[in-house]
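Please read these numbers as outputs of a predicted model, since none were measured by experiment. Throughout, numbering of the chain's residues begins at 1 and tracks the sequence. First listed ligand is number 1; within each ligand, the first listed atom is number 1.
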Amino acid sequence: MAPEIQSLFPSSTAVLLLLGACLSAAAVAALGAADDASRPAVPLPGGGARRVLFANGLGLTPQMGWNSWNHFQCDINEAVVRRTADALVATGLAKAGYKYVNLDDCWADYQRTKEGYMIANPKTFPSGIKALADYVHSKGLKLGIYSSAGTRTCSNRMPGSLGHEDKDAKTFASWGVDYLKYDNCYRDGTPETVRFGRMSRALKNSGRPIFYSLCEWGYMEVPKWGGMYGNSWRTTGDIIDTWSGMLDNIDRNDAYARYAKPGGWNDPDMLEVGNGGMAYNEYVVHFSLWAIAKFKCSVLSTHARGKSSLIDSSSCVPIVFGADRMGVQGNKVKKYGNDLEVWAGQLSRHRKAVLLLNRGATRSASITAAWPDVGIRRGVTVEARDVWKHETLPGRFTGSLTAVVGPHSCKLFVLTPVPR
Ligand code: GLA
């Protein structure tokens, strides 16, 4: 069941943590959507149909956790990662589903060993990755690692895995790694499907279930084939911590909504919430859109360097829609002019998540979610809970819900059918 995590808005400065949020989705019939099992497989160009073929049993709900890149970039070390794991537990985020603690670029030594192994950077990760995985596991969390389908990673500070897929996958497995983000830098001209496919097979043969996150940037229309090889795939280039950059990523990702399902997810890149490039209300929109579109829900660290904890309880953002069994990515269902939009996504227990978005910069506007647009049958009556305010609106709604939304802001509701 989807816990709605209450929140705590930042009283303190440097930090808004971020939780990636995931929307739950599930049984749908009453609201007029199709049941997942009855959904046709997605046709592929040239015939065939996409099923989730990368059957490693992982990613039945979108991944949720923390990743080092958007905040720390290459400035990571084992102390930061351990503190992050501690903070995920202490703040209750782990309990809410934020289980992955993911290293991004720059964790490894500059070159492979003479024997051809990747090893942790001895200066920043002196205890090694196995010890870090043990620590993270001792907290009930999972450890993620990073490499590239090229000769080097994007930072050029460590080797990539091209040509070393089996060795690296087995090494990661032997350390107890649970997740691999696989990037696309320093490639050799071989198509993505080949290079990302090689690592997919290597992970399957590694002896350990490892969540496989393709970071292919949306080249080669990855949503159409990513599910054959991995558990999620980036649909876009790197997110930029600005209002327009954020919207650009989510719009691109939205075009592929139908390819997301349990076992394989579209990924519009990690949250920037709290990193400073957007206003508070814009981060609320960022968080809400990522939640409703049900992605990859990477939490991203926003704590100031040197602070002892990533998140303190007075500094985090609210919502988590716990992910559940059925994965239907919410999407944009209605546009009014250039600025006003309605997004909707299916939730468990016949509920709908509905987001009213005002992209305009200057004026508040009244936005209506009409039942046919959001996929609710005409006669159905609902109660509406304002997710960010944590309160249920007075009265009941039949046919539509209208609210006034400020500039660069949104309102996010959960609609629950009630007897008339
Ligand atoms: C690429 C990826 C980013 C991050 C960096 C690390 O740009 O898309 O998410 O992993 O590399 O160098």
Side-chain angles (χ1 to χ4, degrees), residues 18 20 62-77 80-81 84 100-111 118 120-121 124-125 129 143-162 168 172 177-188 192 195-196 199 203 210-223 226 229-242 245-246 248-250 252-253 256 265-277 286 290 293 295-302 305:
L18 54 39
Q63 66 269 49
M64 295 167 70
W66 171 88
N67 171 290
S68 55
W69 183 255
N70 282 3
H71 184 74
F72 290 96
Q73 307 225 322
C74 278
D75 193 9
I76 50 170
N77 58 60
V80 163
V81 180
T84 300
Y100 286 105
V101 177
N102 290 351
L103 305 175
D104 207 282
D105 207 345
C106 305
W107 62 268
D109 204 7
Y110 189 77
Q111 299 289 11
M118 238 193 241
N121 182 319
T124 47
F125 291 88
I129 303 300
L143 186 76
I145 211 161
Y146 164 95
S147 185
S148 179
T151 53
R152 305 283 293 166
T153 63
C154 300
S155 66
N156 194 14
R157 296 227 204 148
M158 58 173 274
S161 292
L162 190 66
D168 289 353
F172 300 155
V177 163
D178 304 293
Y179 183 114
L180 174 67
K181 171 176 172 181
Y182 203 45
D183 218 328
N184 201 14
C185 283
Y186 291 92
R187 48 196 184 274
D188 64 355
E192 273 76 14
R195 286 177 292 112
F196 283 85
M199 182 52 91
L203 290 174
I210 295 180
F211 188 109
Y212 185 27
S213 158
L214 280 60
C215 183
E216 184 265 9
W217 309 320
Y219 289 3
M220 283 190 76
E221 294 210 277
V222 65
Y229 298 117
N231 301 111
S232 70
W233 44 88
R234 281 268 298 273
T235 53
T236 69
D238 289 7
I239 188 167
I240 300 169
D241 187 12
T242 61
M246 177 274 290
D248 192 46
N249 270 35
I250 204 69
R252 284 169 200 269
N253 191 79
Y256 295 109
W265 303 96
N266 290 317
D267 171 4
D269 204 2
M270 299 167 294
L271 293 169
E272 289 282 10
V273 173
N275 278 334
H286 178 18
W290 261 239
F295 317 128
K296 158 169 204 153
C297 295
S298 279
V299 169
L300 97 93
S301 157
T302 59
R305 286 174 176 76

In the protein, what heavy atom is nearest to atom 5 (C) of ligand 1, and what distance, to one decimal place, separates them?
W69 CE2, 3.6 Å
Nearest-neighbour protein heavy atom for atom 7 (O) of ligand 1, which is reported as residue plus atom name and distance
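Nearest neighbour among protein heavy atoms for atom 7 (O) of ligand 1, to 0.1 Å: D238 OD2, 2.7 Å.
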For atom CZ of R152, decide whether the heavy atoms of other residues, nucleotides or ligands shown that lie under 6.0 angstrom number more than 12.
yes
Taking atom CZ of R252 as the centre, does the number of heavy atoms from other residues, nucleotides or ligands within less than 6.0 Å exceed 12?
no
Any non-hydrogen atom of K181 lying under 4.0 Å from ligand 1?
yes
With a cutoff of 4.0 Å, is D183 in contact with ligand 1, counting heavy atoms of the residue only?
yes
Run the salt bridge (charged side-chain N to carboxylate O under 4.0 Å, His left out) check on D104 and K181 step by step: do they pass?
CA-CA 7 Å; D104 207 282; K181 171 176 172 181; 2.7 Å; yes
Looking only at distance, does D269 have an N or O less than 3.5 Å from an N or O of ligand 1?
no
Polar atom proximity, W217 to ligand 1 (N or O, under 3.5 Å)
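By distance alone, the answer is yes.
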Need the ligand 1 atom indices (1-based, order shown) with element for anything under 4.0 Å from a heavy-atom of [X].
X: R234; value: 8 (O), 9 (O)
X: S155; value: 12 (O)
X: D105; value: 6 (C), 12 (O)
X: C154; value: 1 (C), 11 (O), 12 (O)
X: D104; value: 4 (C), 6 (C), 10 (O)

Please verify the inter-ring angle class for F172 with W107; under 30° counts as parallel, over 60° as perpendicular, anything in between as tilted.
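Ring orientation of F172 relative to W107: perpendicular.
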Does only the side chain of C215 get under 4.0 Å from ligand 1, or the backbone, or both, or neither? Count heavy atoms.
side chain
Could you tell me if R234 sits above the aromatic ring of Y219, with its cationic atom closer than 6.0 Å to the ring centre and no more than 45 degrees from the axis?
no
What do you reckon, are the aromatic ring centroids of F196 and Y229 less than 6.0 Å apart?
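Not close enough - the centres of the two rings lie 6.0 Å or further apart.
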Would you say C154 and W69 make side-chain contact, with heavy atoms under 4.5 Å?
no
Do W66 and N102 get their side chains close enough for a donor-acceptor pair, meaning under 3.5 Å?
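Side chains of W66 and N102: no pair found under 3.5 Å.
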